[in-house]
> 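Please read through the structure below; I'll follow up with questions.
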Amino acid sequence: HISQGLEVSGWKVTPRRVEIKLERPGDAEGIILLNLPSPPKKALLSGEECRWQLNREGVHQFSLKFHHKALLRIHR
């Protein structure tokens, strides 16, 4: 569970990718923080480029904006 009622409804990790399914009623805008072993090669939110930044050692911040459902794919 993350802030503002944003819900993680699914999570899948493979050697090359992390996928996070997000759901919430209505519009959603915010960030998700993930501790990753290395910086992402690419991040997509429902197929569109997703902005991210390194906050501190290993902690990456991803900016999210979507309506009802989204799939965050982080390519490692």
> Could you list the residues that satisfy side chain to side chain contact (heavy atoms under 4.5 Å, CB included) with Lys12, not counting sequence neighbours?
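Lys12 satisfies side chain to side chain contact (heavy atoms under 4.5 Å, CB included) with Thr14, Glu19 only.
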> Between NZ of Lys42 and SG of Cys50, what distance do you get to the nearest 0.5 Å?
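Here the rounded value is 12.5 Å.
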> For Ile20 and Leu71, what are the C-alpha separation, side-chain angles and deciding distance, and is it a side-chain contact (heavy atoms from CB on, under 4.5 Å)?
CA-CA 6 Å; Ile20 303 169; Leu71 177 63; 5.9 Å; no
> Do you know which of Lys21, Lys69, Arg24 makes side chain to side chain contact (heavy atoms under 4.5 Å, CB included) with Ser9?
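With Ser9 as partner, side chain to side chain contact (heavy atoms under 4.5 Å, CB included) holds for just one option, Lys21.
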> Within this structure, what is the CG-CD distance for the pair Leu22 and Glu7, rounded to the nearest 0.5 Å?
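It comes to 9.5 Å.
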> How many angstroms lie between CG in Leu54 and CD in Gln61, if you round to the nearest 0.5 Å?
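CD of Gln61 is found 10.5 Å from CG of Leu54.
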> I'd like to know if the side chain of His68 and the backbone of Phe66 have a donor-acceptor N/O pair within less than 3.5 Å.
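No.
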> Starting from the C-alpha separation in whole Å, work towards a yes-or-no answer on side-chain contact (heavy atoms from CB on, under 4.5 Å) for Arg16 and Arg76.
CA-CA 5 Å; Arg16 295 181 181 242; Arg76 308 189 293 166; 5.8 Å; no
> Locate the shortest heavy-atom distance separating Ser46 from Ala70; write the atom from each residue and the value.
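Ser46 and Ala70 have their closest heavy atoms at OG-CA, 3.3 Å.
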> Quick check on the hydrophobic clustering: are Ile32 and Leu44 connected, directly or via other members, by side-chain heavy-atom contacts under 4.5 Å?
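No, Ile32 and Leu44 fall in different hydrophobic clusters.
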> Would you indicate whether Glu48, at its atom CD, is surrounded by more than 12 heavy atoms from other residues, nucleotides or ligands within a distance under 6.0 Å?
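Result for CD/Glu48: open.
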> Could you measure the distance from the CD1 atom of Ile31 to the CH2 atom of Trp52? Nearest 0.5 Å is fine.
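One gets 14.5 Å once the value is rounded to the nearest 0.5 Å.
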